[in-house]
Amino acid sequence: LKTKIFILTPADPCSSSPCKNNGRCENRGGNFSCLCPEPYAGTTCEKVKDMCLEKRCHRGDCLITLTPPYFQCSCNHPYKIPDSSAPCKPSPCKNGGICVRHRIRSKFTCKCPEHFRGRFCEIGVDDCYEKASSKYRGRVNQTENGKTCLHWNSHILLDYPINAFMEDADSYGIGEHNFCRAASDSLLFISSSLILSLWYTSAVSSNAAEESSWPTDSPTDPPGSNEIFKTCGQPEIQSTLKRIYGGAKTTAGKHPWMASLQTKTSKPSRHFCGGVLIKECWVLTAAHCIGEPAEYLQVALGKQDLKKKEHQEQIFDVEKIIVHYKYRERNDVPYNDIALLKLKPVDGHCAVETKYVKTVCLPDFFFPVGTDCFISGWGTTETDEGSRQLLDANVKLISQRKCNAPRAYDHILDESMFCAGNLQRPVADSCQGDSGGPLTCVENGSYYVYGLVSWGRKCGLKTKPGVYTQVTTFLSWIKYKIQSESRSLH
């Protein structure tokens with residue numbers, strides 16, 4: 001009698017092809033493991049991994065893609081950020097809209113032709129859909145109240161059941177786009193509206209709990225008082241200053257306190273406003289320049305040519321933004337237009353004094369009307385383009401009475417601002433992209449930052465000179481904020 005012995009071998013766990021999305025199954029002694037291709041993850045490669053966790057997209061959303069590098073940045077409509085130094089170049093306006101600059105040196109509005117509307121004139125007469133929302137398969141991505149629909153492959157939607165990567169996405173017309181869709185006539189629309197509201201709500205900075213009174217002692221930095229920078233307001237290169245709007249290049253080191261505010265998330269980093277170095281870790285600028293969180297910004301010191309990496313430049317991240325608690329815009333005019341940027345130290349220190357990087361002085365006195373002062377920046381020239389080279393100009397201080405006259409600014413100016421230029425004829429002027437940069441005046445051989453480029457009616461008009469933030473109005477606030485930050489470190 002013979003006995004047959006059967007040896008049972010465990011079934012191959014990979015025989016049922018448990019790995020989804022082209023994942024490779026490996027037998028691990030009775031269990032299986034899936035090797036997932038990018039951007040998939042999970043036990044069976046069933047999930048799409050958030051490839052945006054370590055990526056940042058400036059002024060837009062990070063989208064997941066199925067091809068390398070498995071993410072991309074999507075800008076807000078019109079999908080190309082205008083050059084801030086010349087906000088109408090190229091024009092962001094669609095369908096024949098005309099780009100009109102604002103008084104504030106970095107803003108614009110699109111004047112739309114008949115039958116078109118929207119911020120960029122992108123909504124046409126046939127773009128509104130009033131039938132059952134679940135049937136819509138058009139290419140409109142904006143709701144009637146002006147909000148833009150979220151991309152269905154946005155990383156924000158990965159934890160939601162409805163996104164571009166769900167199994168039946170095609171049947172709902174959903175994919176790697178942001179065309180407005182609704183799976184039913186109510187449910188999905190509400191869900192995506194909720195996400196839209198989250199997407200559009202972002203707090204850049206909060207100044208609600210500011211103090212209402214500041215120390216009365218002066219924050220003036222006379223030569224020799226700064227611990228790091230031994231003197232202030234002393235460029236090593238002295239020469240005649242030429243024009244910005246009408247422009248000529250400056251010499252490297254002529255404005256060693258000049259700062260370029262840049263968005264560090266664009267490639268290459270993009271200049272959008274000026275600033276001025278007043279202490280080792282502190283830069284003054286215009287409040288209206290602040291539209292992004294600190295982590296998206298960087299400050300370049302010692303720059304001459306924005307298109308080149310220069311040996312003398314010093315680049316810093318921004319640790320903190322402090323916008324003046326009374327800053328506001330009314331009728332396209334900025335009031336109390338001033339902000340402080342605290343630089344993030346590199347190797348234990350912020351700016352290092354060199355021939356090309358120095359601090360400017362803060363004044364505790366007023367310069368008389370008619371004083372020749374100086375402006376500098378990388379803003380728009382008479383060619384209507386931003387300048388890659390640092391330019392400068394000579395302007396005269398104008399009395400408040402004359403600048404507030406009916407033919408000039410007709411009583412718009414308050415004590416937080418003044419104007420400089422010439423009321424009789426077109427002269428050099430600050431322009432778009434110069435915002436936040438310094439107006440400096442000289443006393444006893446030292447340069448003092450007397451104003452910050454703020455706003456104006458167009459550029460170079462004889463009856464509409466440039467308007468500047470009056471720095472002397474905010475001296476106590478500047479000192480209080482810097483001292484408060486210094487104390488908080490101890």
Side-chain angles (χ1 to χ4, degrees), residues 83-87 104-107 233 235 241-245 247 249-250 252-264 269-279 282-292 297-307 310 313-316 318 321 323 334 337-341 343 351 356-360 362 373-381 385-395 417 420 428-441 447-456 459 466-471:
D83 182 352
S84 289
S85 62
I104 297 176
R105 296 301 203 196
S106 60
K107 298 192 176 183
L241 294 169
K242 306 255 174 144
R243 300 160 57 140
I244 296 182
Y245 192 81
K249 292 192 297 185
T250 66
K254 196 195 295 184
H255 307 282
W257 36 80
M258 189 73 209
S260 168
L261 275 56
Q262 302 176 350
T263 54
K264 66 181 181 181
S269 298
R270 184 177 59 87
H271 167 86
F272 65 93
C273 268
V276 59
L277 186 69
I278 58 172
K279 281 187 175 292
W282 292 94
V283 167
L284 267 183
T285 189
H288 82 256
C289 286
I290 307 302
E292 303 295 337
L297 306 182
Q298 68 180 25
V299 172
L301 304 173
K303 290 296 295 177
Q304 182 71 18
D305 187 334
L306 292 176
K307 302 292 186 183
E310 298 168 304
E313 68 185 37
Q314 298 179 32
I315 311 292
F316 297 93
V318 176
I321 297 169
V323 175
D337 192 13
I338 192 168
L340 278 163
L341 302 181
L343 306 183
Y356 306 101
V357 176
K358 297 179 184 293
T359 55
V360 73
L362 289 168
C373 297
F374 314 103
I375 51 178
S376 51
W378 290 274
T380 302
T381 67
E385 301 283 351
S387 173
R388 63 181 287 175
Q389 299 283 350
L390 182 62
L391 306 179
D392 52 21
N394 176 288
V395 291
M417 57 187 89
D429 192 9
S430 58
C431 206
Q432 274 74 17
D434 293 321
S435 287
L439 178 145
T440 56
C441 307
Y447 283 74
Y448 292 81
V449 56
Y450 197 59
L452 302 171
V453 177
S454 184
W455 63 280
C459 304
V467 183
Y468 301 83
T469 302
Q470 178 77 64
V471 173

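These figures come from a predicted structure and were not determined experimentally. Residues: numbered from 1 along the sequence shown.
Within the model, atoms NE2 of H271 and CG of L261 stand 8.0 Å from one another, a figure rounded to the nearest 0.5 Å. Expressed to the nearest 0.5 Å, how far CD of Q314 lies from OH of Y356 amounts to 12.0 Å. Once rounded to the nearest 0.5 Å, the distance linking CZ of F272 with CD of Q262 reads 8.5 Å. Once rounded to the nearest 0.5 Å, the distance linking CZ of F374 with NZ of K254 reads 10.0 Å. One distance of note links CG of L277 with CE of M258; it measures 11.5 Å at 0.5 Å rounding. Rounded to the nearest 0.5 angstrom, I290 CD1 and L297 CG are separated by 6.5 Å.
The heavy-atom pair separating Q304 from W378 by the smallest distance is O-NE1, 3.2 Å. Across all their heavy atoms, Y468 and G451 have their closest contact at CB-CA, 4.3 Å. Across every non-hydrogen atom of P235 and K358, the tightest pair is CA-CD, 4.5 Å. Counting all heavy atoms, side chain and backbone alike, A259 lies closest to V283 at CB-CG1, 4.2 Å.
Here the side chains of V471 and Y450 are not in contact, with every heavy-atom distance at 4.5 Å or above. Here the side chains of S260 and L306 are in contact, with some heavy-atom distance below 4.5 Å. Residues I278 and V360 meet the side-chain proximity criterion, which asks for heavy atoms closer than 4.5 Å. In this structure, S435 and H288 have side chains that are in contact, with non-hydrogen atoms separated by less than 4.5 Å. Looking at heavy atoms from C-beta onward, V449 lies out of side-chain contact with L439 at the 4.5 angstrom threshold. Using a 4.5 Å heavy-atom threshold, the side chains of L284 and W257 count as separate.
Under the 3.5 Å distance criterion, the side-chain polar atoms of T469 are matched with a main-chain donor or acceptor of D337. For T285 (side chain) and G274 (main-chain N/O), a donor-acceptor pair under 3.5 Å exists by modelled atom type. Side-chain atoms of Q298 do not come within 3.5 Å of backbone N or O of I315 as any donor-acceptor pair.
Between I375 and the options L452, V395, L391, a side-chain contact (heavy atoms from CB on, under 4.5 Å) holds for only V395.
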